[in-house]
*Asks:* 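Let me begin by handing over the structure; questions about it come next.
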Amino acid sequence: MYKHKNIDKKWQDRWEKAEVFKADDDSSKEKFFALVEFPFPSGAGLHVGHPRSYTALDVITRKRRMEGMNVLYPMGWDAFGLPTENYAIKTGRAPADVTADNIATFKTQLKSLGLGFDWSREINTSDPKYYRWTQWQFLQFFKAGMAYKTEKAINWCVDCKIGLANEEVVNDACERCHGTVEKRNKEQWMIAITKYADRLIDDLKGLDYLDKIKKQQVDWIGRSEGAEVEFEVEGHGSLTIFTTRPDTLFGATYMVLAPEHELINQITTEDRREAVEEYVKEAVAKTEIERGDAEKEKTGVFTGAYAVNPVNNKHIPIWVADYVLMSYGTGAIMAVPAHDARDFAFASKFELPIIEVVRGEGELPRSSDGFAMNSGEFDELCTSECAIKMIKWLEESGKGRVKTNYKLRDWVFSRQRYWGEPIPLIHCEGLCSPETGGWVAVPDADLPVVLPVVEKYEPTDDGESPLAVIEEWVNTKCPQCAGPGKRETDTMPNWAGSSWYFMRYADPYNDEAFADPDKLKYWMPVDWYNGGMEHTTLHLLYSRFWNKFLFDQGLVPFSEPYKKRTSHGLVLAEDGSKMSKSKGNVVNPDDIVKEFGADTLRVYELFMGPFSEPVPWSTNGVVGVRRFLEKVQKISELTADEELETVARALHQTIRKVSVDIENMRFNTAISQMMIFVNLVQKSGKITKESLITFLTLLAPFAPHLANELAENVGHASLLEVNTWPDFNAELAAEKEVNVAVQVNGKLRGTITVPADADQKTVVTSARALENVVKYIEGEPKKVIYVPGRLVNFVI
RNA sequence: GCCGCGGUGGCGGAACUGGUAUACGCGCACGACUCAAAAUCGUGUGGGGAAACCCAUGCGGGUUCGAUUCCCGCCCGCGGCACCA
């Protein structure tokens, strides 16, 4: 039994004193910037899931340091956010105070794990010295015309009383509180992320992200290439639609407008008006989920109006149906029921004509590619060629054009809440800046716009931020004309501060700029970023976009912030369900550290399963890891002047496996190899001091406290953190003898042990001589398969 | 519905590029130590069979001397998207 409590503390103090984790801004060494998502300092404290990601990159950075690199592995606090504000509302305490308390708890907890963060670079997004630069960067968006205020039907969370971005709405419910979300018209600040849609997709190509991360981002942005086509509506001008299948234009037998489409009112004939108005009213009242269910039966109503199909001048009826969304494309479609399942369902129900225009196999509706038919001069062209020719024809005749659409929407950047960065804009009552709707930027010298102290943190029922009621704060002067002005009372979403936090680590105390350009140039981009899959279409996408914008402004020297992005699996409860406070199945890391020590928790977090997969927690597994560490302690007492050859060999095999596995985040198999080594030493009874130190160096990234303690016990004077990562020697690792499987017709009939360098003839001969082989083979085998060092297979 | 990932002992999981399936850990059984227990150490542990051997990597086929690995068709689980024209 080793005394983890004393050992943990002792080495944590030594590291701090020696400043081993401090990153050096002027170093000739190669830099390595490792990043984990900084936590939101919630009142619940550290979750047992946090250390999985932190320990993983701690292992990697500790190895990098031993490999001679200048490592930056920082930590900070994503401190703005609703939970703190809600807590403040409940208790009446100021959010800043609550945050400070929570941070203190988190920090103590993280430190107790021996994580090698450079605490001298700690940042906090709710610190005015930090959010001054968040505000400043927002103003760059504003000044570049990338931020605009507009009345929008936004997702409104009834419980939180805030507008949500699409990304924050999950199954029609608020991502945070799971409360009802409804549509509301509200003036909101928006940021034009859609302008970067193409680059956010295309630039993924050069990045070392997990494939599933790239794919999720691409799907989320949802780029589709097609064409816009103009259809004449008799007596009402033209109606524009978007289609990805311009090749099927001859198959368009009717048109559909979304219920919100502005043309409906104009084109509806008098005899149809009542029915149309009633349908529109019902459709608009439905929730997104009700409307979004693709399984439900199609509904719709005929407007009485007809459009002209530009390719064949046929008159086709215009319908209104809620399966067409106003928010995508032009809010209107041409329906090609033969080749679209939705149009087919609709046409079948309302008995509209179905014309097949793409020849192919199988029943209609059929959306696969093929050859055009019933399409006049386009007949017999293959789908892709037909599309190209059709677009060309449309362009030449002025009836349409190439068009790309995206599912991605602009970023809703306003929150009507207190605990966030104030948006640093002033509305000039004299409207001295009409081109921005009267909005004027707060001058740089007046930043930060500090959150004023308020008494009540509740948002108001009319949807205004609590800041709106503080008149002395709201009423100010227009910085441009000095006339009366009013401050923007909305605050930023909590994604704002985290969109650029990694840059601040390069230069956390700078008051002249968000970071010194030289330091950015040295440290950025992040070399390895690990975080949760849940942020793929939120933080990860936003921060890539934010970075690209700053790059375009010449403010940062790199267009992508993260070179490599990996992801960890969730830590689940023992029964495989999610850990949650309400279920009472949350494991507190403090308890594990207290009972078993920091090293046990660290090693267990990485041993429990494949890093990127979700794995259930197992207290028995924790005990197993602790036993392993105790065995390590035992073998450290077995130092001798000599050791068995097998130990030396196993050591080098372990160096190889641990080195490779760390790079691939296969920590579980790295640890299992170390267990194999320790078992072997225990059995053999002796190990040289040199080999022991080498092994402890390999173990040090995983279990740094114990590894240092044991190294010191055998007289190793320096910290293992400054050791050199051991070199692997292939010669020493090579087995002298190998086991070769002997098969007859692919079935295992025995094994033989032969010298590793034995030639084929020798191996086959002794395999052939096996009693169990002789038994099966009469005469000569038909064929002999020989895989060196692996097997011999006699085919008869 | 579409896309992606996965399915291996009682459990978490290993397995290079197609080459001895079940490494490592947990659990369990037995043994040693002990008055006893815990801890520790040792031995065993996929299933069937006395054994030879046979059967096992979700199911059914295929390719191959040989398939957890490759191909085809299903089933189940997880994650993402979800009437995006």
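Chain naming here is simple, since letters A, B, ... match the order of the sequence lines and numbering starts at 1 in each. Just so you know, these numbers come straight off a predicted model, no measurement behind them.
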*Asks:* Look at all strands and tell whether A:Ile676 reaches a base, only sugar-phosphate, or nothing, counting heavy atoms closer than 4.0 Å.
*Replies:* sugar-phosphate
*Asks:* Using only modelled atom types and a 3.5 angstrom limit, is any donor from either the side chain of A:Arg790 or the base of B:C16 paired with an acceptor on the other?
*Replies:* yes
*Asks:* In terms of side-chain heavy atoms, does A:Glu37 have a donor or acceptor partner in A:His535 at a distance below 3.5 Å?
*Replies:* yes
*Asks:* When the aromatic ring centroids of A:Phe628 and A:Phe607 are compared, is their separation below 6.0 Å?
*Replies:* no
*Asks:* Side-chain N or O of A:Arg627 less than 4.0 angstrom from OP1 or OP2 on B:C26?
*Replies:* yes
*Asks:* Picking from B:A85, B:A23, B:C53, which would you name as closest to the side chain of A:Val324?
*Replies:* B:A85
*Asks:* Which part of the nucleic acid, if any, lies within reach of A:Lys775 when heavy atoms closer than 4.0 Å are counted: base, sugar-phosphate only, or nothing?
*Replies:* sugar-phosphate
*Asks:* Can you tell me which nucleotide in B:G25, B:A85, B:C26 comes closest to the side chain of A:Met675?
*Replies:* B:G25
*Asks:* Would you mind telling me which of B:G27, B:C3, B:U20 lies closest to the side-chain atoms of A:Leu791?
*Replies:* B:U20
*Asks:* When you compare B:A29 with B:A38, how far apart are their P atoms, in angstrom units rounded to a whole number?
*Replies:* 11 Å
*Asks:* Classify the side chain of A:Lys407 versus the base of B:C81 as yes if they form a donor-acceptor pair under 3.5 Å and no if they do not.
*Replies:* no
*Asks:* Taking any heavy-atom pair under 4.0 Å as a contact, classify A:Ser224: base, sugar-phosphate, or nothing.
*Replies:* sugar-phosphate
*Asks:* Tell me what A:Asn679 touches on the nucleic acid: a base, only sugar-phosphate, or nothing, going by heavy atoms under 4.0 Å.
*Replies:* sugar-phosphate
*Asks:* Regarding A:Arg666, tell me which of base, sugar-phosphate or nothing describes its non-hydrogen contacts under 4.0 Å with the strands shown.
*Replies:* sugar-phosphate
*Asks:* Both distances below 3.5 Å, Watson-Crick or wobble geometry, any strand: find the nucleotide opposite B:G27.
*Replies:* B:U45
*Asks:* Which nucleotide, in any strand shown, forms a Watson-Crick or G-U wobble pair with B:U34, with both distances under 3.5 Å?
*Replies:* none
*Asks:* Between B:C65 and A:Asn793, counting only base atoms on the nucleotide and side-chain atoms on the residue, is there a donor-acceptor pair under 3.5 Å?
*Replies:* yes
*Asks:* Of the listed nucleotides (B:C83, B:C54, B:G12), which one gets closest to any side-chain atom of A:Asp322?
*Replies:* B:C83
*Asks:* Please tell me whether A:Ser636 and A:Tyr2 have a donor and an acceptor in their side chains that are separated by less than 3.5 angstrom.
*Replies:* no
*Asks:* Could you tell me whether A:Gln743 contacts a base, only the sugar-phosphate backbone, or nothing, with contacts defined as non-hydrogen atoms closer than 4.0 Å?
*Replies:* base
*Asks:* Can a side-chain donor-acceptor contact be found between A:Asn530 and A:Ser53 if the only test is distance below 3.5 angstrom?
*Replies:* yes
*Asks:* Within the 4.0 Å heavy-atom criterion, would you say A:Gln682 contacts the bases, only the backbone, or no part of the nucleic acid?
*Replies:* sugar-phosphate
*Asks:* Distance between the C1' atoms of B:A67 and B:C72, in whole angstroms?
*Replies:* 15 Å
*Asks:* Ignoring hydrogens and geometry beyond distance, is a side-chain donor-acceptor pair present between A:Ser577 and A:Asp575 at under 3.5 Å?
*Replies:* yes
*Asks:* A:Tyr323 has a side chain; which of B:C83, B:G13, B:U20 sits nearest to it?
*Replies:* B:C83
*Asks:* Suppose you measure atom P in B:G31 against the same atom in B:C78; what distance do you get, rounded to whole Å?
*Replies:* 44 Å
*Asks:* Mind checking the P distance from B:U63 to B:G44? Whole angstroms is fine.
*Replies:* 41 Å
*Asks:* For A:Lys683 and A:Asn679: C-alpha separation, side-chain torsions, deciding distance, then whether side-chain contact (heavy atoms from CB on, under 4.5 Å) applies.
*Replies:* CA-CA 6 Å; A:Lys683 215 169 238 180; A:Asn679 289 343; over 6 Å; no
*Asks:* Specify the closest pair of heavy atoms between A:Arg245 and A:Met334, including all atoms of both residues, with the distance to one decimal.
*Replies:* O-CE, 3.8 Å
*Asks:* Would you classify A:Phe346 as touching base, sugar-phosphate or nothing, given that sugar-phosphate means primed atoms plus P, OP1 and OP2, and contacts are heavy atoms under 4.0 Å?
*Replies:* nothing
*Asks:* I want to confirm an ordering. Mapping A:Gly624 and A:Gly331 to their closest nucleotides on RNA chain B, which one lands closer to the 5' end?
*Replies:* A:Gly624
*Asks:* Near A:Lys214 NZ, under 6.0 Å, is it more than 12 heavy atoms from other residues, nucleotides or ligands?
*Replies:* yes
*Asks:* If you measure from the P atom in B:U43 to the same atom in B:C24, how many Å do you get, rounded?
*Replies:* 12 Å
*Asks:* In whole angstrom, give me the gap between the P atoms of B:C28 and B:C11.
*Replies:* 15 Å
*Asks:* So what does A:Lys214 hit on the nucleic acid, given a heavy-atom distance under 4.0 Å: a base, only sugar-phosphate, or nothing?
*Replies:* nothing
*Asks:* Out of B:C83, B:U20, B:U40, which has the shortest distance to the side chain of A:Ala741?
*Replies:* B:U20
*Asks:* Please report the distance separating the P of B:G79 from the corresponding atom of B:G13, rounded so that it comes out in whole Å.
*Replies:* 15 Å
*Asks:* What's A:Asp219 touching, base or sugar-phosphate or nothing? Going by heavy atoms closer than 4.0 Å.
*Replies:* nothing
*Asks:* Regarding A:Phe628, tell me which of base, sugar-phosphate or nothing describes its non-hydrogen contacts under 4.0 Å with the strands shown.
*Replies:* nothing
*Asks:* Identify whether any heavy atom of A:Lys298 sits under 4.0 Å from a base atom; if not, whether one sits that close to sugar-phosphate; answer base, sugar-phosphate or nothing.
*Replies:* base
*Asks:* Just checking A:Thr243: base, sugar-phosphate only, or nothing, at a heavy-atom cut-off of under 4.0 Å?
*Replies:* sugar-phosphate
*Asks:* By nearest heavy atom, map A:Val787 and A:Asp340 onto RNA chain B; which one lands nearer the 5' end?
*Replies:* A:Val787
*Asks:* Check every strand shown and say whether A:Asn772 touches a base, only sugar-phosphate, or nothing at a heavy-atom separation below 4.0 Å.
*Replies:* sugar-phosphate
*Asks:* Closest to the A:Thr669 side chain: B:U20, B:C65, B:A14?
*Replies:* B:A14
*Asks:* Taking only the C1' atom of each, what is the distance from B:U20 to B:U34 in whole angstrom?
*Replies:* 42 Å
*Asks:* Can you check whether A:Arg749 has a side-chain N or O nearer than 4.0 Å to OP1 or OP2 of B:C54?
*Replies:* yes
*Asks:* Among B:C26, B:C65, B:A23, find the nucleotide with the atom closest to the side chain of A:Ser672.
*Replies:* B:A23
